[in-house]
Amino acid sequence: MIRTVESPPPASAPVLAAYSYCEAVTGQQARNFAYGIRLLPTPKRRAMSALYAFSRRVDDIGDGALPADVKVARLEDTRALLDRIRAGKVEEDDTDPVAVALTHAADAFPIPLGGLDELIDGVLMDVRGETYETWDALKVYCRCVAGAIGRLSLGVFGTETGARGAERAAEYADTLGLALQLTNILRDVREDAEGGRTYLPSDDLAKFGCSAGFDGPTPPEGADFTGLVHFEVRRARALFAEGYRLLPLLDRRSGACVAAMAGIYRRLLDRIERDPEAVLRGRVSLPGREKAYVAVRGLSGLDTRHVSRRSPARQAPRRRV
């Protein structure tokens, strides 16, 4: 069980500068993520920014234009850096601000840094061009690149002392990560296809006549693209419903952060469901005012109270998703 750390160690000037760098990276490159973490108290916000900046570095290697063998080498170099961070061998005057900030964050909070190894493993799957025949196979990838981020974040958030069901917090955080990743996959289906990647399970594509892929602004001839999208939306909603059980286990501001980030993706899912072919025409996104509303809603605790009212369901047998 993960508990909240009440008094993180003070940060020196070099560490504060390293955190500022990570927060700048987060603000510039992760708008949805930044909307959520701004609701956190400063130590947690900084730690989450350090996690994001390291994760972004891993993702950028995988998404870059370098040859596959160079990507693999750089990912293994990043894993070696993670080993140094894990061992506490990064000094405050190190020239890598991300390593400095993450080392301090890992000292301040019980962050399970092995989740970043999982992220590297997931990006290596991308580099190898792996595809996924079934949802069970795709879940392995999603757990590496998103479920692991949920569990890492839980290390920063902690759980409320005495929260009923806190022993399942990591499971819920993992599942919420899967929900966000599946939403990402639906949103980016054409962009990924143009990059030579297919993430949706080939079994699902075949079932709805979509095996030809998505390299244009309209579905393949004779495909039931709307049926495919609605099928995946239902799967994502089930994951969100399970993952939202995390909210009552967190303190108010951590719960607000999670509700805001997840709420943005749930609204994206709503838009995709209403107009499935929009994902073939361009990237579906939310306007800033709607993101701000979701953040305020998260801070109000509405989603947490809704889940809490359904708390008896947490004792029901677990559904397989």
Could you check whether [X] pairs with [Y] (Lys NZ or Arg NE/NH1/NH2 to Asp/Glu carboxylate O, under 4.0 Å)?
{"X": "Asp60", "Y": "Arg57", "answer": "no"}
{"X": "Lys71", "Y": "Asp63", "answer": "no"}
{"X": "Glu273", "Y": "Arg237", "answer": "yes"}
{"X": "Arg74", "Y": "Asp77", "answer": "no"}
{"X": "Glu290", "Y": "Arg271", "answer": "yes"}
{"X": "Asp94", "Y": "Lys89", "answer": "no"}
{"X": "Glu171", "Y": "Arg245", "answer": "no"}
{"X": "Arg143", "Y": "Glu118", "answer": "no"}

Without swapping roles, check the side chain of [X] against the backbone of [Y] for a donor-acceptor pair under 3.5 Å.
{"X": "Arg253", "Y": "Leu39", "answer": "yes"}
{"X": "Tyr52", "Y": "Gln29", "answer": "yes"}
{"X": "Tyr21", "Y": "Leu16", "answer": "no"}
{"X": "Asp251", "Y": "Ser254", "answer": "yes"}

Side chains of [X] and [Y]: does their closest heavy-atom pair fall under 4.5 Å?
{"X": "Leu116", "Y": "Val58", "answer": "no"}
{"X": "Leu280", "Y": "Thr218", "answer": "no"}
{"X": "Asp126", "Y": "Glu130", "answer": "no"}

According to a 4.5 Å side-chain heavy-atom criterion applied to Ile, Leu, Val, Met, Phe, Trp and Tyr, with indirect links allowed, do [X] and [Y] form part of one hydrophobic cluster?
{"X": "Val140", "Y": "Leu182", "result": "yes"}
{"X": "Leu269", "Y": "Phe231", "result": "yes"}
{"X": "Leu66", "Y": "Leu81", "result": "no"}

Query raised in the report: For Arg56 and Asp59, what are the C-alpha separation, side-chain angles and deciding distance, and is it a salt bridge (Lys or Arg N to Asp or Glu O under 4.0 Å)?
Result: CA-CA 5 Å; Arg56 182 70 191 210; Asp59 286 340; over 6 Å; no
Query raised in the report: Sequence neighbours excluded, which residues qualify as side-chain hydrogen bond (donor to acceptor under 3.5 Å, both in side chains) partners of Arg187?
Result: Asn184
Query raised in the report: Are Ser12 and Glu92 close enough that a side-chain donor and a side-chain acceptor fall under 3.5 Å?
Result: yes
Query raised in the report: Does the side chain of Tyr199 pick up a donor-acceptor pair with the side chain of Asp188 at under 3.5 Å?
Result: no
So which atom in [X] and which in [Y] form the shortest heavy-atom distance, rounded to 0.1 Å?
{"X": "Thr183", "Y": "Tyr265", "answer": "CG2-O, 3.6 Å"}
{"X": "Pro220", "Y": "Gly213", "answer": "CG-O, 3.1 Å"}
{"X": "Gly36", "Y": "Met261", "answer": "CA-CG, 3.7 Å"}
{"X": "Val145", "Y": "Leu119", "answer": "CA-CD1, 3.8 Å"}

Query raised in the report: Between Arg79 and Asp121, is a salt bridge (Lys or Arg N to Asp or Glu O under 4.0 Å) present by the stated rule, with each step listed?
Result: CA-CA 10 Å; Arg79 198 191 300 273; Asp121 291 339; 2.9 Å; yes
Query raised in the report: When you look at Phe225 and Phe208, which way does the ring-ring contact (aromatic ring centres under 6.0 Å, His included) test go after all the steps?
Result: CA-CA 7 Å; Phe225 183 71; Phe208 292 94; 9.9 Å; no
Query raised in the report: Rounded to the nearest 0.5 Å, what separation is found between the CD1 atom of Ile120 and the CE atom of Met125?
Result: 12.5 Å
Query raised in the report: How long is the gap from CD on Gln181 to CG on Leu138, to the nearest 0.5 Å?
Result: 8.0 Å
Query raised in the report: What pairs meet the salt bridge (charged side-chain N to carboxylate O under 4.0 Å, His left out) rule with one or both residues in residues 200-217, with sequence neighbours excluded?
Result: Asp204-Arg235
